[in-house]
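It should be emphasised that the depicted structure is a prediction, and the values quoted were computed from it without experimental measurement. In what follows, every chain begins at residue 1, and chains take the letters A, B, ... in the order their sequences are listed.
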Amino acid sequence: AHCLPILPPPGTEQDKDVAEMYLKRFYNLTEQRGRVFHRGVSPLGEKLSEMQRFFRLKVTGTLDSDTLQVMKKPRCGVPDVSQ
Amino acid sequence: YTTFPGNLKWPTNKLTYRIENYTPDMSVSEVDSVIEKALQVWARVTPLRFTRIYSGTADIMVSFGTREHGDYYPFDGPDGTLAHAFPPAAGIGGDAHFDDDETFTFQSSNGYNLFLVAAHEFGHSMGLSHSNDPGALMYPVYSYSDPNSFSLPQDDVNGIQFLYGKNPDVNPGDPDPEPPTTPDACDPNLVLDAVATLRGEQMFFKGRFFWRIYPQSGEAVQSLIKNFWPEVPDNLDAAYESQETDRVYLFKGQKVWAISGYDLVRGYPKSISSMGLPKTVKKVSAALYEEHSGKTLFFVDKHYYSYDEARQTMDSGFPKLVEDGFPGFRGKVTAAFQNSGFTYLFKGPHVFEYSSRSKRLYRVLGNSYFLRC
């Protein structure tokens with residue numbers, strides 16, 4: 001029997017790309033490859049929490065619909081954290 | 001508000017600006033007046049003064065570009081990033097760039113209003129970074145408001161005056177209007193405009209804002225009403241969720257809007273008389289839906305009406321005095337909602353908790369019971 005790859009629900013991979021691009025642009029997320037987890041939290045999770053804290057969303061460190069909704073809103077191109 | 005590291009600011013209050021090119025979306029004179037008006041937003045509350053030059057290098061160079069446009073921060077096509085600007089410094093410092101893949105507008109709420117975007121970007125040019133106050137001009141997310149009645153929010157005034165001080169030329173006898181502030185969930189005197197549930201969430205409306213409370217975490221997230229429903233007015237009178245229609249109805253004056261999920265229902269706003277209210281009723285002060293009876297109660301100050309959602313008719317024998325239906329309540333109802341078998345009637349900053357069935361008064365609470373600080 002050939003096992004087929006279980007495709008992620010539509011949009012998930014794309015949403016993750018949106019999130020990574022957003023966090024790189026506005027929250028100083030650096031390249032993901034080989035990055036060390038701090039206290040079990042990935043750099044992406046850390047930056048997600050930072051963004052959720054800034055926008056007074058539920059701080060989960062995971063990409064929930066409210067967080068994604070904010071990421072898709074038109075905005076200023078200046079980062080939210082000083083670079 | 002926040003500033004850039006080292007509180008970057010201009011060493012002088014007299015600054016020059018130059019408009020290097022124009023967007024095809026608007027006329028030259030419209031862009032000229034918008035840019036001047038956007039700079040005046042900051043001049044009005046500080047000693048900063050702006051002079052336009054037409055050649056050479058100005059402190060603030062204003063330009064429109066797309067994608068890669070000469071700095072290391074390419075734009076991204078329509079929507080997404082609208083513009084960016086650089087904090088005070090020589091060279092590119094202070095410059096403001098606008099993404100011309102956007103549609104910029106002069107007055108209308110379509111496209112992106114150039115005045116609002118430019119006023120925000122010039123905040124960066126003066127040394128402000130982003131604010132996480134959803135009512136602040138320096139909040140990073142764009143939201144439309146009428147540019148003709150724009151008034152710089154208090155948070156932004158605090159930030160820019162932290163850097164440059166107040167405007168010395170303001171005539172004490174003719175001060176500027178009070179800057180708008182963002183309501184504070186922890187204010188013990190907070191009087192809410194309206195309250196409603198929405199598919200398990202709760203929404204508390206005040207002025208231009210509303211707080212959304214998630215059932216599982218109880219965290220209150222504050223947003224601008226216009227960020228979700230640009231067509232819905234601020235300063236609502238009442239709101240309720242109908243389990244019958246799975247819609248939330250928002251009231252202001254003699255109009256009612258309907259939202260389904262987070263979408264505005266086509267065909268609204270309608271007149272409130274479409275919900276059976278007599279034409280003598282000029283506004284509703286609160287509304288709630290009773291799950292057990294299928295009735296919607298419309299409060300009009302000290303009285304209330306009962307509306308049968310299923311039959312879509314007003315029940316006879318109304319209006320009644322609120323105190324007749326809810327013993328122990330006196331005066332005007334300012335907001336109301338039902339949740340988990342309890343009916344909550346708001347009277348200013350106080351909340352009267354009743355059993356929905358027996359109408360027995362259990363407790364008198366404060367707003368902070370819901371809007372956890």
Side-chain angles (χ1 to χ4, degrees), chain A residues 9-33 39-83, chain B residues 2-6 8 71 73-76 78-87 96-99 102-103 111-112 116-118 120-121 123-125 128-134 137-144 185 201 211-214 216-224 227-228 262:
Chain A
T12 309
E13 207 48 42
Q14 184 187 359
D15 290 344
K16 192 164 175 292
D17 293 344
V18 165
E20 274 203 28
M21 171 88 75
Y22 189 93
L23 295 171
K24 281 176 186 165
R25 276 193 96 123
F26 304 116
Y27 285 83
N28 221 7
L29 173 68
T30 49
E31 277 314 315
Q32 287 297 296
R33 269 168 286 290
R39 297 186 303 282
V41 181
S42 73
L44 185 72
E46 273 183 3
K47 290 302 183 181
L48 265 174
S49 298
E50 191 176 350
M51 179 249 177
Q52 289 166 336
R53 209 167 292 117
F54 180 91
F55 282 101
R56 302 185 195 176
L57 296 168
K58 243 179 331 190
V59 178
T60 62
T62 58
L63 187 58
D64 53 51
S65 60
D66 272 313
T67 303
L68 198 60
Q69 194 179 46
V70 171
M71 288 179 165
K72 292 180 175 176
K73 286 183 185 284
R75 59 161 289 160
C76 169
V78 173
D80 296 333
V81 291
S82 49
Q83 287 184 333
Chain B
T2 58
T3 56
F4 290 99
L8 291 176
D71 61 26
Y73 303 95
F75 285 133
D76 53 2
D79 301 321
T81 297
L82 307 180
H84 56 223
F86 297 85
H97 300 164
F98 298 85
D99 182 355
E102 313 302 346
T103 301
Y112 297 107
L116 297 170
V117 178
H120 173 103
E121 296 309 329
H124 292 313
S125 304
L128 289 183
S129 190
H130 283 145
S131 168
N132 72 346
D133 174 339
L137 173 62
M138 295 313 290
Y139 191 65
V141 171
Y142 174 87
S143 67
Y144 177 77
E201 286 184 15
W211 287 273
R212 281 183 302 152
I213 295 194
Y214 305 99
Q216 62 275 26
S217 77
E219 288 198 28
V221 177
Q222 189 179 34
S223 305
L224 282 167
N227 252 353
F228 283 84
Y262 277 104

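- The aromatic rings of A:F54 and B:Y139 sit parallel, their planes meeting at an angle under 30°, below the 60° perpendicular limit.
- Neither the backbone nor the side chain of B:S223 comes within less than 4.5 Å of any heavy atom in chain A.
- Shortest non-hydrogen contact noted between B:H130 and A:V78 is CE1-O, 2.8 Å.
- Interface remark: B:F86 contributes no atoms to any contact with chain A (heavy atom separation under 4.5 Å).
- B:D133 pairs by the side chain to side chain donor-acceptor pair (under 3.5 Å) definition with B:T182, not counting sequence neighbours.
- Put simply, of B:S129, B:P140, B:G80, the one with the most heavy-atom pairs under 4.5 Å next to chain A is B:P140.
- Residues B:E102 and A:P74 fail the side-chain proximity criterion, which asks for heavy atoms closer than 4.5 Å.
- The nearest pair of heavy atoms linking A:C76 to B:E121 is SG-OE2, 3.1 Å.
- Remark: A:K73 is positioned above the aromatic ring of B:F228, its terminal NZ or CZ atom under 6.0 angstrom from the ring centre and at most 45 degrees off the axis.
- To the nearest 0.5 Å, atoms CE (A:M21) and CG (B:D76) are separated by 8.0 Å.
- When all heavy atoms are compared, the tightest approach of B:V221 to A:R56 is CG2-O, 3.2 Å.
- For B:P74, the part sitting under 4.5 Å from any heavy atom of chain A is the backbone (N, CA, C, O) and nothing else.
- Rounding to the nearest 0.5 angstrom, the gap separating the NE2 atom in B:H120 from the CZ atom in A:R75 is 7.5 Å.
- Looking at residues two or more places apart in sequence or on another chain, you find a ring-ring contact (aromatic ring centres under 6.0 Å, His included) between B:F75 and B:H69, B:H84.
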